[in-house]
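For reference, the structure is listed below as structure tokens.
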Amino acid sequence: MPSSTSSRARRALVLGLTGLLAAGGLATTSGTAEAAGSTLGAAAAETGRYFGTAVAANHLGEAQYASTLDAEFTSVTPENEMKWDAVEPSRGSFNFSSADQIVSHAQSRGMKVRGHTLVWHSQLPGWVSGLSATDLRTAMNNHINQVMAHYKGKIHSWDVVNEAFQDGSSGARRSSPFQDKLGNGFIEEAFRTARAADPAAKLCYNDYNTDGVNAKSNAVYTMVKDFKARGVPIDCVGFQSHFNSASPVPADYQSNLQRFADLGVDVQITELDIEGSGTSQATSYSNVVKACLAVTRCTGITVWGITDKYSWRSSGTPLLFDSNYNKKPAYTTVLTTLGGSSGGGGTPGGATCTATYSKQEEWSDRFNGKVTITAGSSPITSWSTTVTVTSPQKTIATWNGSPTWDSSGNVMTMRPNGNGSLAAGASTSFGFTVMKNGNSAAPAIGACTAS
Ligand code: G2I
């Protein structure tokens, strides 16, 4: 690439670029059917959030299961496959095959993955409960280290500790091998081990019956507040949100999420399902979605399964798709509450994407930029966008993409480095380093084109 350009050529380039940006603007706004997200994932992405589901590896081979997953969701949580009994059934011998299937399915489509779960009293193999305190501590830390190392860089958020508090008014910790042998400190120890194992993953505490203000959520709140005060690494709190008529969506759901967010952690709705049907089920779902949207730090919603057919409480028909994969009233209400729309005919539009820029690290002589590519309402198989720097700036390095340059060297076209598939609303990103050469201007990002 040449290092200098005549001013006339530069003007032509700028004009050409302006035309490109204008055309790009048209390209992203003209498709009115695609303007509002027409899937759960795409609609949630427009609010900056993910919309996920629990997934079971043994259903991925079922065509409707996989196609509904791929069309609608931007995050997955393995329903059972990452639990202790699945990954370390006997001491020191790890089996990641089922969980790997889910992670690779998600990764090949740009979906996020929630890790569930590292330390939990349930689905715990017998050998763990038989250990002495010293051995149990070693085994717990080894389990966290091995599992997190296996998935390092692939997990958006980990449920580090799950369900460690008792139900009811005591606010006490639940009895478990960890609690009984290691005492309250096991939770802190698990989080500290987890931070060291994968510093990029968000570390969550996850529980149920903590969805409103009550003795149990107060106890979790006190723990999180103490962790933040003492610098124990915790980034998020998961609210499982399993509801039914005996345990409906609490009136103070939003304010409960907000008080946790105010402690300086993200909040996530991690296992949402609501027993019922028709309008009343739809209204409850809508209330949950509204609450999350009203809390800036509510970063995503995960429903506990795709279809009523495979729900852990199937007879309560608690999910958004019925057992024949038809969209239920609750589906439509969730979509519209997220700001989406089924686009009239319900047929998704063509492949579209958006590209957004954010500045990363900056030094006196250079800065790093990051561009996030988000698929629109339909899945895409490839994308491209341009990054234009202002001469004499120079782009000297790139990552997570496959770049080409125009003759001036100022306009970089970036395409996927390998598989460019993204589910509707799913995101990926690439990065680059720009030498300032005296000019700190942000680069111009062209329109995103998708196929
Ligand atoms: O119980 C609902 C959820 C509460 N919060 C933590 C979640 O991890 C939990 O998920 C459920 C799964 O949805 C069930 O699928 O956890 C259950 C176990 O605690 C899971 O059930 C188990 C059955 O008990 C086993 O018999 C079965 O082998 O699922 C296993 C795999 O299908």
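In what follows, every heavy atom counts, from backbone to side chain, and hydrogens, waters and symmetry copies are set aside. Both counts, for ligands and for their atoms, begin at 1 and track the order of listing.
Between the side chains of Glu275 and Thr317, not a single donor N or O lies within less than 3.5 Å of an accepting N or O.
Sequence neighbours left out, not one pair with a member in residues 239-280 passes disulfide (SG to SG under 2.5 Å).
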Could you tabulate the donor-acceptor pairs under 3.5 Å formed by side-chain atoms of residues 423-433, not counting sequence neighbours?
residue	atom	partner	partner atom	Å
Ser427	OG	Thr374	OG1	2.9
Thr433	OG1	Asn368	OD1	2.7

Donor-acceptor pairs under 3.5 Å, side chain of residues 229-237 to any protein atom, not counting sequence neighbours: which ones?
residue	atom	partner	partner atom	Å
Arg230	NE	Asp226	OD1	2.9
Arg230	NE	Asp226	OD2	3.3
Arg230	NH1	Glu188	OE1	3.3
Arg230	NH1	Glu188	OE2	3.3
Arg230	NH2	Glu188	OE1	2.8
Arg230	NH2	Asp226	OD2	3.0
Asp235	OD1	Arg195	NH2	2.9
Asp235	OD2	Arg195	NH1	2.9
Asp235	OD2	Arg195	NH2	3.3
Asp235	OD2	Leu203	N	2.8

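Separation of the His150 and Phe94 ring centroids does not fall under the 6.0 Å cut-off.
Listed by chain and number, Glu79, Asn80, Lys83, His116, Trp120, Ser122, Gln123, Asn162, Glu163, Gln240, His242, Glu271, Trp304, Trp312 each place a non-hydrogen atom less than 4.0 angstrom from ligand 1.
By the 4.0 Å N-to-carboxylate-O rule, Lys216 lies too far from Asp211 to be salt-bridged with it.
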